[in-house]
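Written below as structure tokens is the structure these notes are about.
The sequence lines fix the lettering, A, B, ..., with proteins before strands; numbering per chain opens at 1. Just the heavy atoms: all of them, side chains too, but no hydrogens, waters or symmetry mates, feed the values below.
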Amino acid sequence: MTNNKTNGPDREWLLKMAEFEDSCRSISAGGMAADLGLLPATQSGPHRVFGRLIEFARRKKSLSVEQLAERAQVDLADIVDIEMNEMAAPDVRTVFQLATVLDLPSARLMEVAGLASPRPEVSSAALKFAARSEPTAKLSRDERDALEEFVKVLVETSDKG
Amino acid sequence: MSGIQIQIQSRSTGEFVDASLLDGMAAQDLLLVEREWLAERSLVAQELLRAGVERAKWPQSLHWNWSKKAPQLMLLESTGFGVVCESLWQGVMLTKTASYFARLGSDKGKPLVYVDFLEIAPWNWVIPEIGRDGRYRMIGSTLFWRAVQQSEEEGFHGRVGLHALPQSESFYEKGCGMTPLGRDATKQNLLYFELSREQAQRHLQKGGDA
């Protein structure tokens with residue numbers, strides 16, 4: 001089963017296996033990634049809402065992911081992680097920078113990101129937002145309404161201190 | 001680190017090139033590999049974004065950022081293997097041999113090698129939507145082959161278990177001849193696969209789902 005020239009698998013075997021590799025988009029095994037929370041969650045949760053909120057707020061401002069990363073001085077990989085990975089755990093600086101660029105109240109955004117305990121109004125608004133939002137290329141009227149309603153709650157609760 | 005000489009295939013020329021299959025990585029060494037892969041991951045993300053490729057087609061490991069998990073990685077007790085070619089890490093696998101037991105067939109309850117992590121370098125990803133053909137192939141197959149070898153060395157008769165990402169499921173089922181044993185709620189619903197001792201022998205002799 002080993003090659004004469006190497007100690008590894010032989011060429012015929014490798015060529016056969018390579019065909020299977022090529023028929024898939026990935027060959028990754030992800031047990032450890034799942035343990036460490038690096039995979040997208042399958043259920044709605046606070047991080048899912050955070051990622052969706054950032055994505056919608058970015059699109060509302062007609063910013064690309066790259067532009068948002070540049071303006072917020074956050075790594076592009078971090079923005080991709082936040083928007084793609086519902087288990088993303090952004091740090092305080094990243095959330096603060098995003099809040100500044102996207103005109104969102106930073107203290108409330110910390111709650112949505114799971115970095116502070118959310119008030120009941122924020123939790124409730126987040127759930128409504130999650131239920132109404134779907135990721136599409138352009139914000140629909142309903143998505144825009146959902147975003148505006150959610151941001152309104154964040155701003156109002158922010159005013160209360 | 002010790003290792004053996006192997007060969008992998010260049011996708012551009014079709015030629016086989018020399019590479020090393022190294023033993024003896026630790027989980028935290030993944031941070032070194034991540035540093036090497038990070039810039040390319042970022043490039044891939046930018047190309048996907050610019051091309052407007054739908055997210056279902058993005059590599060599901062694109063956003064893995066191990067540097068943020070450094071403290072947890074330090075605590076993991078894995079042994080690792082890597083394929084190095086042109087002085088670059090082309091693929092990495094981490095395995096565990098303690099506390100993982102077969103669920104399949106007559107060897108149920110007997111120990112196996114659990115592949116905790118297996119990934120190839122982002123420059124080897126094939127993403128037709130952005131014209132990425134991948135530099136080298138056969139890296140994933142070689143690493144999986146090494147997992148089966150490790151299982152033999154440990155006296156586990158080739159038994160291997162792993163959780164596959166959704167985009168990788170058909171590789172492990174059809175390519176490696178593993179048996180899917182259901183989604184695992186403790187692993188974010190990834191599908192768990194196992195290779196029995198009989199399947200291991202078939203895999204080593206013939207490859208594929210023969």
Side-chain angles (χ1 to χ4, degrees), chain A residues 1-3 5-43 51 55 64-67 69 75-91 94 135-137, chain B residues 4-7 9 16 18 21 27 38 41-42 45-46 49 52 55 57-65 68-69 72 76 78 93-94 114-120 125-126 137-138 140-142 144-145 162-165 167-168 170-172 174-176 187-190 204-208:
Chain A
M1 156 77 245
T2 53
N3 193 327
K5 191 178 172 189
T6 76
N7 297 314
D10 67 36
R11 282 189 185 181
E12 194 186 335
W13 185 91
L14 279 170
L15 284 165
K16 188 173 178 186
M17 287 300 297
E19 293 300 316
F20 287 104
E21 281 188 17
D22 291 352
S23 68
C24 301
R25 283 200 165 251
S26 163
I27 49 84
S28 303
M32 188 169 84
D35 287 341
L36 298 182
L38 287 169
L39 298 180
T42 50
Q43 304 295 321
E55 184 189 345
S64 68
V65 174
E66 286 162 296
Q67 287 168 329
D75 281 350
L76 177 70
D78 286 341
I79 307 285
V80 172
D81 189 37
I82 286 167
E83 292 194 7
M84 266 189 82
N85 174 15
E86 289 91 354
M87 295 295 283
D91 57 27
T94 299
T136 51
Chain B
I4 58 170
Q5 189 192 339
I6 57 160
Q7 290 198 316
Q9 191 179 32
F16 279 79
D18 288 336
L21 174 56
L38 185 63
R41 274 183 200 281
S42 189
Q46 288 175 55
L49 285 163
R55 297 206 174 178
K57 292 184 174 171
W58 289 25
Q60 288 166 333
S61 55
L62 179 66
H63 59 276
W64 285 356
N65 186 345
K68 291 197 166 173
K69 300 293 175 185
Q72 289 106 308
L76 291 176
S78 304
M93 174 178 73
L94 296 174
Y114 178 74
V115 178
D116 211 10
F117 171 81
L118 194 157
E119 173 68 313
I120 59 171
W125 291 345
V126 178
R137 67 207 288 241
M138 303 171 175
S141 301
T142 301
F144 185 78
W145 170 87
L162 59 81
H163 289 83
L165 292 196
Q167 288 174 343
S168 316
S170 72
F171 173 70
Y172 289 108
K174 294 179 181 163
C176 301
K187 300 276 186 184
Q188 291 190 246
N189 274 334
L190 292 182
L204 291 179
Q205 283 162 15
K206 297 182 178 178

(message) Quick check on the interface: out of A/Ala34, A/Gly30, A/Ser28, A/Cys24, who has the most heavy-atom pairs with chain B under 4.5 Å?
(response)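 Top count of heavy-atom pairs under 4.5 Å with chain B: A/Ser28.
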
(message) Heavy-atom pairs under 4.5 Å with chain B: which of A/Asp75, A/Leu36, A/Val80 has the most?
(response) A/Leu36

What part of [X] gets closer than 4.5 Å to chain A, counting heavy atoms only: side chain, backbone, both or neither?
{"X": "B/Trp125", "answer": "neither"}
{"X": "B/Ser42", "answer": "both"}
{"X": "B/Leu21", "answer": "neither"}

(message) Run the side chain to side chain contact (heavy atoms under 4.5 Å, CB included) test against A/Glu66 and tell me which residues pass, sequence neighbours left out.
(response)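 Applying side chain to side chain contact (heavy atoms under 4.5 Å, CB included) to A/Glu66 gives A/Ser64, A/Leu76, B/Gln46, B/Arg50.
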
(message) Tell me every residue that passes side chain to side chain contact (heavy atoms under 4.5 Å, CB included) with B/Ala164, counting only those two or more places apart in sequence or in another chain.
(response)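 Side chain to side chain contact (heavy atoms under 4.5 Å, CB included) check on B/Ala164 returns B/Leu162, B/Ser168, B/Glu169, B/Tyr172, B/Phe193.
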
(message) Testing the 3.5 Å rule here: is there a donor-acceptor pair between the side chains of B/Gln60 and A/Ser26?
(response)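 Their side chains do not contain a donor-acceptor pair, so the 3.5 Å distance test is not met.
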
(message) I need the residue from B/Phe144, B/Trp58, B/Phe16, B/Tyr114 with the largest number of non-hydrogen atom pairs under 4.5 Å to chain A.
(response) B/Phe16

(message) Looking at chain A, which one of B/Pro59, B/Ala27, B/Gly140, B/Ser61 has the largest number of heavy-atom pairs inside 4.5 Å, strictly under?
(response) B/Gly140

(message) Closer than 4.0 angstrom, basic N to acidic O: yes or no for A/Glu19 and B/Arg137?
(response) yes

(request) Count the heavy atoms belonging to other residues, nucleotides or ligands that lie under 6.0 Å from CD of A/Gln67, then report whether that count exceeds 12. (result) yes

(message) Testing the basics here: between A/Ala18 and B/Met138, what is the closest heavy-atom pair and its distance to 0.1 Å?
(response)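 For A/Ala18 and B/Met138, the tightest heavy-atom pair comes out as CB-CG, 3.8 Å.
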
